[in-house]
Structures are given as C-alpha cells and as structure tokens.
**Q** 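Let me give you the structure first, and then I'll get to my questions.
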Amino acid sequence: MRNSNENPLRPKPVGFRHALAAAAVLAACAPAATAKIAFTGYADMLATVDSSFRVRGPKSVLGTLPEKTIISRGFSLSRAGLFAATELDGNSRFLMDLTFSGIGKSVATTDLQYAYWEGALPWDLTGELGKITLPFGFYNRNRYYSFRRAELGAPFFQAGILGLPIADLGGALYRRFGPADGPGIEAAVYAVNGYGNVSGSSTSLRLPTVPGGLSLSSNLGSGNNNKDASFGGRLALADPNRGEAGVSYYRGAWDPDGRRMLQIAGAHLHLTPEKFDILVEYVHIHARGDEGMVAALGDSSWQTHGAFATVSRPLFPVLGRPLTGYAIGEVVASRRNGGGDGKEVLRGFGGGASYAVHEKLTLKADATWLYYQMPFMSQKALILDGYLARLAMVVTF
Amino acid sequence: MKPILAALLLISPASGAWAAVTLIVDQEILAGAPSGGEPSPGVTVLPLETAFAADPISRGRVIAKMRASEQIIAVGFASSKFASEEVESVPLHFEGGLTHARGADLKARGWTGSAPYNASQIMGTARSLGFKRVAAVYTTGYEELLTRVRRAARARGIAVDPFEIGLRRDIPAAARAALGKNDALMVLGDPLLTGGAGASFLIETSLAVRKPLFVPGPALVAHGAFLGTAPDWQAALKRARALAGRRTDLEIRDAPSPGRLVFNRILQRKWKLGGDGPP
C-alpha cells in the first residue's frame, strides 16, 4: 500500500508529474481531427471574519499545540479548479478536474479530483474508468463543489474525516431504468482500489492524533494496498422534478494482508417541495482490526453512526435576484463495537445566506458552531469546540 | 494510475471522423415539445437548463460536445447566446435566436439563422399604427435581414431608413438621427444593440423623443421598448429538427412564421398608440 505522507486532514496531493501525465493523456485521447478541449473552472475566495476554537486534550496528543483558545481571522483563496472535457467520439469523452488549494506564494496542494473516461455501453449502461468520484450518497457527487450548493461549507464529518470528494481509481457502471425526465430507478456499481491504512502504520485505519490521521480521505492512495479491489453500489429512486431517495454501500479490506475490513453504508433523501431544497444523509461506518483507534475507543473494531441535513430556500429578491437562506446540521458518533465508555462525537450546526450576483458570481455568508470530542482510554478526552463566521465568493468561468 | 491511463489510450478512437449534428435547445422549449420519438441518426439534442451557466462542469461537457460537432443548431434565446459565445469554428445556425449573434460573426464565420420576428408582421403592425417611415439600426452582417425588412415594408407602403452601426460609439448619433426624422426605430439584432449600454441608450432616446422602439425579443419591452416578439419556439424546434444535417437551406432571414407580439402597455396608453393592442 502506498499512502500519502502529507497531512492526513488534507486531500491527498497528486503531484505535478501525475497531473501533467493525465493532461498529456487527455490531449492524446482527443482524436487529432477534433482535438478540442473545453476548459472551464471555478475559484473559492474565503474570508474568515471571526473564528474562535477552544482546544483541550492530553499533552501526548496535542504535542506542541498548547491548550488554549485559538482565534483566527483572514483571507484565503481556498481553492481554484480547472475542468477539462473533450469528446472522443459521439459516445464517449474524457473528463478531468485539476484543483489547486493551499494557495499562497506557491500552491501547497494540487489534486486531480477526477480524471476518467466516460462512455455509453451496451444495454443502456454508462461506464466510467479512471479516477472516478464514487457513486456514494448524494452529497459526494452532487454537492461537493461550492457552486453546486447553497451552503458555504460542507458537513465537517463528510469533508474532514470521511473525505470529500470520495474519489478513487477504478471503474463504475451506471444505468437508469425509466424516462430521463420522470421517475426512475438509478443503479450504480463500482470497483476501486479502496481505502488503505494511514501513513506509517499498516495496522491503523485512523489515528487519533492532531492534526494527524483522523481523516480517512488520505487513505485513498495511488495504488491498491492489497490484492483485492473494493466494491460497492448505489440504488436510488429518482425524479428530476421531486428529488430522490437511495442507499449506498462500500466494502473493502484496508490493510496490506487484505484481512481487515471496512464497510460503509449510507442512505439519503433529497426533496425539493415548493422552493425548498432538503437533503438528509445518513452514514454508517464499520471498521475491523484498526489498532490505531484502540487508544481512543478501546477496541480495534469500531463503528460510526452519523447524519447531516441541509435545508435551503430562496427568501426574497435583492436587485431582481433571489437571496437564498440555508441551515445545516450534523451529528456523528463513533464507538467500539458492542458499546463502551469512549465515544468520538462531532456536532455541528450553522446557517447563512447565499446570493448570486449574476450567473457566474455568488456571495455567501455563514456562521457555524462545532463541537468535536475524541476520547482516550487512559487520559482526558481531546475536545475542540468553537465557532466560525465566514464570507465567501464563488466564481465560475 | 499509469496502467489505467494507458488502457484509455488503447480504447480511444483512432480518428475523429463522425457525422455529428448538435441541437442545443432551451430546456423549457424541450419540455413543452411533443415527444419526437427516436432522435435522428447523428443528431444529438442537448437541453440547456436555466441554472446551467453557474455549473462549469456541465457547461464544459456541453461545450466539448458542441465543439466536436460538425454543425450546431441553437433553438431558444439562452441556447443562442450560449452557442454564440462558446463556439468559434463550427457552422452555427440560430433558429429563432439569430439576433444574439454579433453581425461581425455572421459575416466572418458564415453563421446563419432566423430572427425572432417576422418582418411582415412587424411592418403590418407599423402600418396599422399609422407609421410611414421606420428607421432600422443594424450592424455589418445583418444586411440580408435588412433586405427582407425593406421588402416587407415596401409592400405596405413604408419607407425604411437604414443606419449601420460599426462601433458602440456610433450609437448615440445614429439613434438621435434615426428617431429625429422617422416615426419609429427598429433594431434588427446584434448584442451590441440589444444588450448593455447600447440597448439602454436606444431605449432612453426612444422615451425622450416619444417615438416607439421595436426590438427583436420580448425581454426589452419590460425595460422601455415599445414592441418585441416572442417567437413560436415549438415551430422553430420543428424547423430545427428538419434542418439538422442539411446545409443547403441555411440562410439569414426573419422568422418564417409570425410570433406573439409583446407590447409595452404603459407606452401604448401614454402615447395613445393602438389602444389596448394592435389591430
């Protein structure tokens, strides 16, 4: 298994070489006579108006970080992305997203969020091959990008720990049963390399360290860490005019020996009654053999139950364009299988507004409260709680 | 990653020679269309949704599809605007939305299409309102449309006074001169004259001298233009389907069939033109 050596709370950097290789393939895949690549993109500019988080925890976990209240304010170009698309023939195309984040004098992270071939196959199937965004839940494929949602920020657990977008190397097959503009059933199956272990420990899926290995997102490496692929699927009843309800599943061994299993199950409900947009998503994680979490949860087998909900609605017009209000909330808890005292807890609630100045420029403002607790068997718990108020500008081009 | 990408190279086609016609249509026009059955071979219909412009991923997919086509036909104002902005080297035909194309592009790129308005219908209305002289502002590339407007006007005993606009700075002088000696001013098309500062100046001048402004589409009527046309989009979609793949009948013209005239009721009452509506 090859794992990222970077900060595990951040998406895995792909590296300039890989990005260049993918770009070269993208260009090569486009037939010479019609080598026309469409480039579009986006940029998220963020201003943290006020942020205050109190950090408490055992010294052995915090390391050099003191127990105190951390206040921060500032501006950042949180990310900028370039999308490339080219038609290979009438029925297939190659699509790619190159995202830059940690932007300062230089770019800290370059992510190839996705890079895949997509094409029509027999039996009304659509196939994807390459680095694909997994068909898991609703948020992952439909709301990950800031220009596709009213909210300023994504749910913390989904974004910071499970990882957004959940994208990996492999393939997926899609099929819709029913008309495109009416109710139908959407089915998807996929096979990917899957989640691996955290960097530096072949027996740990997560590590309770700060900023450390809490996030699973960095466990999606550039290769498979064992001989087996990970599998999953998604089944949804979808109506473009009303919303959709569905279930998702992921299963795969995460350790080099292929014995320690990770399973993720999800359920989602997206409704659009009147002018509302309501999304409720539930996720259940079941991990086995994770020595990294023994110190926190008391067992190497643990499970997570969590859910988040977002509600948005246009409130009133400002200069002829709607001001959309929204609210977001999430509750997540992890504990060892069979129960126990130690419980990882994450709660987050927030609200804000979004205003499209014009079709390519959106302003957002939000305030969010967050509480996070990671227990330790022989020490006091690590607790992080506080709030942040932010302004953002989303530009698409 | 490398083995997978290498596999992609193997399965990609060796040549891009395929017959492809893309019909890009406003979503609401498609939603109102009767089921057309199976699409014609080689014709792809792309619906353009309202929220589309804000999503660069969807936009990129459609642009890639359009640029790989051999011919594009746009139906609807949003689709015409989108196609005219994103396409450069592919033959483009606007069915009903020609006026979203810059005159210079019509001329330089050989683009074709029909305007939202029917010249006979507009001139018939001008005649019924008692107008004898109508000025027409246009840009280079719209000459064929001017010819049709002139022909329709002549048949109804109306003289057309043409004003060619080269640059934005020509608009004020042309607008004042055109409205000074004519009964009304008709805008033939081009975003230079139908949007932004150009359209605003034409509307302000029209209101200042109390002479009607005829515009191509209905949108500017809410902003002070006197008359616009809402085309019969279903008829336009039908024509577009028939035209797909045929290059011989493509030309620059007015709408083959009359649309729904949209009047500015406030100006009608204020200027006492046509009572509650045109005859």
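This is a predicted model, so every value here is computed, not measured. Proteins get letters first, then strands, A, B, ... in listed order; numbering begins at 1 in each.
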**Q** Does Arg141(A) have any salt bridge (Lys or Arg N to Asp or Glu O under 4.0 Å) partners at least two apart in sequence or in another chain, and if so, which?
**A** Glu128(A)
**Q** Flag the pair Glu88(B) and Lys36(A) as a salt bridge only when some basic side-chain nitrogen lies within less than 4.0 angstrom of an acidic carboxylate oxygen.
**A** no
**Q** Minimum heavy-atom separation for Ala85(A) and Ala64(B), please, with both atom names.
**A**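 Closest approach of Ala85(A) to Ala64(B): O-CB, 3.5 Å.
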**Q** Heavy-atom count around Gln234(B) CD within 6.0 Å, excluding the residue itself: above 12?
**A**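 Yes, because the 6.0 Å sphere around CD of Gln234(B) holds more than 12 heavy atoms from other groups.
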**Q** Can you say whether Thr44(B) sits under 4.5 Å from chain A via the side chain, the backbone, both, or neither, judging by heavy atoms?
**A** neither
**Q** Please tell me if the side chains of Thr40(A) and Ile63(B) come closer than 4.5 Å, counting only heavy atoms from C-beta onward.
**A**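 Counting from C-beta outward, Thr40(A) and Ile63(B) do come under 4.5 Å.
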**Q** Where do Arg148(A) and Asp55(B) come nearest, in terms of heavy atoms and distance?
**A** NE-OD2, 2.7 Å
**Q** Roughly how far, to the nearest 0.5 Å, is CD of Glu87(A) from CZ of Arg61(B)?
**A** 9.0 Å
**Q** Write down the atom of Phe397(A), the atom of Pro56(B), and the distance for their closest heavy-atom approach.
**A** O-CB, 3.9 Å
**Q** Is Thr396(A) close to Arg59(B) at the side-chain level, that is, under 4.5 Å between some pair of heavy atoms?
**A** yes
**Q** When you look at CD1 of Ile266(B), are more than 12 heavy atoms from neighbouring residues, nucleotides or ligands closer to it than 6.0 Å?
**A** no
**Q** Please check if atom NZ in Lys65(B) has more than 12 non-hydrogen atoms from other residues, nucleotides or ligands closer than 6.0 Å.
**A** yes
**Q** More than 12 heavy atoms of other residues, nucleotides or ligands under 6.0 Å from CZ of Arg242(A): is that the case?
**A** no
**Q** So, taking the atom named CD1 in Ile57(B) and the one named CG in Asp97(A), what distance separates them when rounded to the nearest 0.5 Å?
**A**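 Taking CD1 in Ile57(B) and CG in Asp97(A), the distance rounds to 6.5 Å.
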